[in-house]
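Below: the structure, in structure tokens.
Residue numbers start from 1 in every chain, and the chains themselves are labelled A, B, ... in the order their sequence lines are given, proteins ahead of strands.
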Amino acid sequence: MRKPCCDEEGTNKGTWSKQEDQKLIDYIQTHGEGCWRSLPKAAGLHRCGKSCRLRWINYLKPDIKLGNFAQDEEELIIKLHALLGNRWSLIAGRLPGRTDNEIKNYWNSHIRRKLMKMGIDPENHKLIHLHRPSSSAAAAATSMEKKPNSNNLNLDLTIAFDPSLTPNPNSAEPSHKNNNITTKEMDHQSQSAPTLPLFN
DNA sequence: AACCGGCCCAACCGCCGCCGG
DNA sequence: CCCGGCGGCGGTTGGGCCGGT
């Protein structure tokens with residue numbers, strides 16, 4: 001049985017204090033990232049390694065871009081999600097300064113709701129209730145399809161509906177077990193083809 | 001002013017893949 | 001080849017905030 005990583009007595013949980021942040025920053029600036037397991041003890045932090053890694057990657061790293069998402073970032077997230085599904089780390093890799101956790105939160109709190117309002121299933125990026133055109137959601141979605149710029153979400157919906165752009169029709173499934181695209185492959189793709197077909 | 005419900009988001013949890021022994 | 005440790009990932013939680021009543 002795998003032991004929980006944070007079962008040690010006296011390990012802090014919850015929100016990080018400024019002092020803890022500073023200790024972590026100081027340590028990483030001196031010693032660099034890595035060996036998260038032993039980092040807390042070495043840095044004098046009563047945290048588990050995972051917690052330190054998460055805090056550093058999501059908030060303390062110098063190149064993190066905090067604050068609201070720009071319109072183009074939002075559009076990019078939607079397009080990448082249509083292509084990659086819930087593979088947040090891959091999506092984050094395409095958005096400099098943004099983290100997977102931040103994108104995941106933004107998706108779940110903002111974009112998902114926005115798509116639902118537009119009558120689009122956020123899981124597969126298809127119209128909801130196409131068989132019931134009289135429903136308000138479908139009517140709104142149909143309207144959106146004809147006039148994609150008719151509200152503040154400036155997204156070309158035709159992209160989301162093109163199945164040829166989705167390598168795995170079940171790409172929106174939560175599991176990454178049957179994920180045929182590895183991080184390395186994605187990196188290779190991004191190097192060899194900086195512009196995804198989506199953006200044409 | 002008090003209460004309530006919904007939203008936001010930082011952080012935790014548990015699983016999986018990779019890698020070294 | 002097998003096993004265990006570690007890092008990474010996505011899903012989920014829960015506390016705080018905010019607007020409405």
Side-chain angles (χ1 to χ4, degrees), chain A residues 1-25 27-28 31-43 45-70 73-74 77-78 80-118 121-125 152-153 166-168 170-190:
Chain A
M1 286 294 115
R2 184 183 294 269
K3 282 192 293 184
C5 80
C6 303
D7 60 347
E8 290 171 32
E9 292 276 333
T11 302
N12 288 350
K13 289 189 177 184
T15 311
W16 280 63
S17 67
K18 286 191 175 173
Q19 290 87 344
E20 287 178 309
D21 280 349
Q22 199 53 54
K23 277 185 183 178
L24 184 56
I25 291 168
Y27 183 86
I28 291 178
H31 300 91
E33 287 181 50
C35 202
W36 297 108
R37 186 83 172 177
S38 59
L39 184 148
K41 201 174 180 183
L45 287 160
H46 300 290
R47 295 272 180 177
C48 74
K50 279 189 173 187
S51 181
C52 294
R53 176 185 161 272
L54 200 69
R55 184 65 184 169
W56 172 255
I57 287 176
N58 284 329
Y59 300 97
L60 301 177
K61 237 179 163 177
D63 54 347
I64 291 297
K65 195 195 291 182
L66 294 171
N68 294 339
F69 281 75
E73 286 180 308
E74 184 174 319
I77 291 168
I78 295 169
L80 288 170
H81 187 272
L83 181 69
L84 300 168
N86 291 358
R87 278 164 280 182
W88 307 114
S89 60
L90 289 180
I91 295 173
R94 305 298 181 116
L95 285 136
R98 299 296 189 182
T99 68
D100 57 350
N101 204 37
E102 197 178 9
I103 292 170
K104 182 170 58 182
N105 281 333
Y106 190 71
W107 175 270
N108 286 326
S109 61
H110 292 88
I111 301 177
R112 168 182 279 271
R113 210 181 318 277
K114 200 177 243 184
L115 291 178
M116 298 275 273
K117 271 188 185 174
M118 291 165 63
D121 184 348
E123 299 305 316
N124 56 24
H125 297 255
N152 60 2
L153 182 59
T166 309
N168 173 3
N170 299 321
S171 65
E173 283 184 5
S175 170
H176 54 274
K177 290 170 200 160
N178 56 359
N179 174 5
N180 292 327
I181 305 177
T182 66
T183 308
K184 279 181 185 173
E185 284 166 342
M186 286 300 299
D187 289 346
H188 175 72
Q189 274 184 20
S190 67

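Distance, A:W36 CH2 to C:dG5 C1': 17 Å, rounded to whole Å. What separates CH2 of A:W56 from P of C:dG7 is a distance of 16 Å, to the nearest Å. Following rounding to the nearest Å, A:H110 (NE2) and B:dG6 (P) show an atom-to-atom distance of 17 Å. Summarising the geometry, the separation between CD1 on A:I91 and C1' on C:dC9 is reported as 13 Å, rounded to the nearest angstrom. Atom CZ in A:R87 sits about 13 Å away from atom P in C:dC9, given to the nearest Å. Computed from coordinates, the A:K114 NZ to B:dC8 C1' distance equals 16 Å when rounded to whole Å. Counting to the nearest Å, the P atom of B:dA10 and the CH2 atom of A:W107 are 19 Å from each other. A straight line from CD1 of A:I57 to P of C:dG10 spans 12 Å, rounded to a whole angstrom.
Residue A:W88 has no polar side-chain atom (N or O) positioned under 4.0 Å from OP1 or OP2 of C:dG8. Put simply, A:R113 has a side-chain N or O that comes within less than 4.0 Å of OP1 or OP2 on B:dC8. Contact check, A:N86 against C:dG11: a side-chain N or O comes under 4.0 Å of OP1 or OP2. Distances shown here put every side-chain N or O of A:R53 at or beyond 4.0 Å from the OP1 or OP2 atom of B:dA11. For C:dC9, one of the phosphate oxygens OP1 or OP2 lies less than 4.0 angstrom from a side-chain nitrogen or oxygen of A:S89. In terms of phosphate contacts, A:R37 brings a side-chain nitrogen or oxygen within less than 4.0 Å of OP1 or OP2 of C:dC6.
Nearest to the side chain of A:R55, among B:dA10, C:dG7, B:dC8, sits B:dA10. When the nucleotides C:dC6, C:dG8, B:dC12 are ranked by their closest atom to the side chain of A:K13, B:dC12 comes out on top. Closest to the side chain of A:T15, out of B:dA11, B:dC9, C:dG8, is B:dA11. In the set B:dA11, C:dG7, B:dC9, the nucleotide with an atom closest to the side chain of A:L54 is B:dA11.
Under 3.5 Å, the side chain of A:K50 and the base of C:dG8 form at least one donor-acceptor pair of N or O atoms.
The salt bridge (Lys or Arg N to Asp or Glu O under 4.0 Å) check on A:R55 picks up A:D21, with sequence neighbours excluded. When the side-chain contact (heavy atoms from CB on, under 4.5 Å) test is applied to A:E33, the partners found at least two apart in sequence or on another chain are A:I28, A:W36, A:W56, A:K61. Partners of A:Y27 according to the ring-ring contact (aromatic ring centres under 6.0 Å, His included) rule, which considers only residues two or more places apart in sequence or in another chain, are A:H31. Every residue two or more places apart in sequence or in another chain that forms a side-chain contact (heavy atoms from CB on, under 4.5 Å) with A:K23 is listed here: A:L45. Under the side-chain contact (heavy atoms from CB on, under 4.5 Å) criterion, A:L54 pairs with A:N58, not counting sequence neighbours.
Across all non-hydrogen atoms, the minimal contact from A:T99 to A:A92 is C-CB, 3.7 Å. A pairwise comparison of heavy atoms in A:N12 and A:E20 identifies ND2-OE2, 3.1 Å as the closest pair.
Taken to the nearest 0.5 Å, the CD1 atom of A:I91 stands 11.5 Å off from the NZ atom of A:K104.
Across all strands shown, B:dA1 forms no Watson-Crick or G-U wobble pair with both key distances under 3.5 Å.
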For nucleotides 12-20 of chain C, list the nitrogen or oxygen atoms of the protein found under 3.5 Å from its nitrogen or oxygen atoms, one pair per line.
none

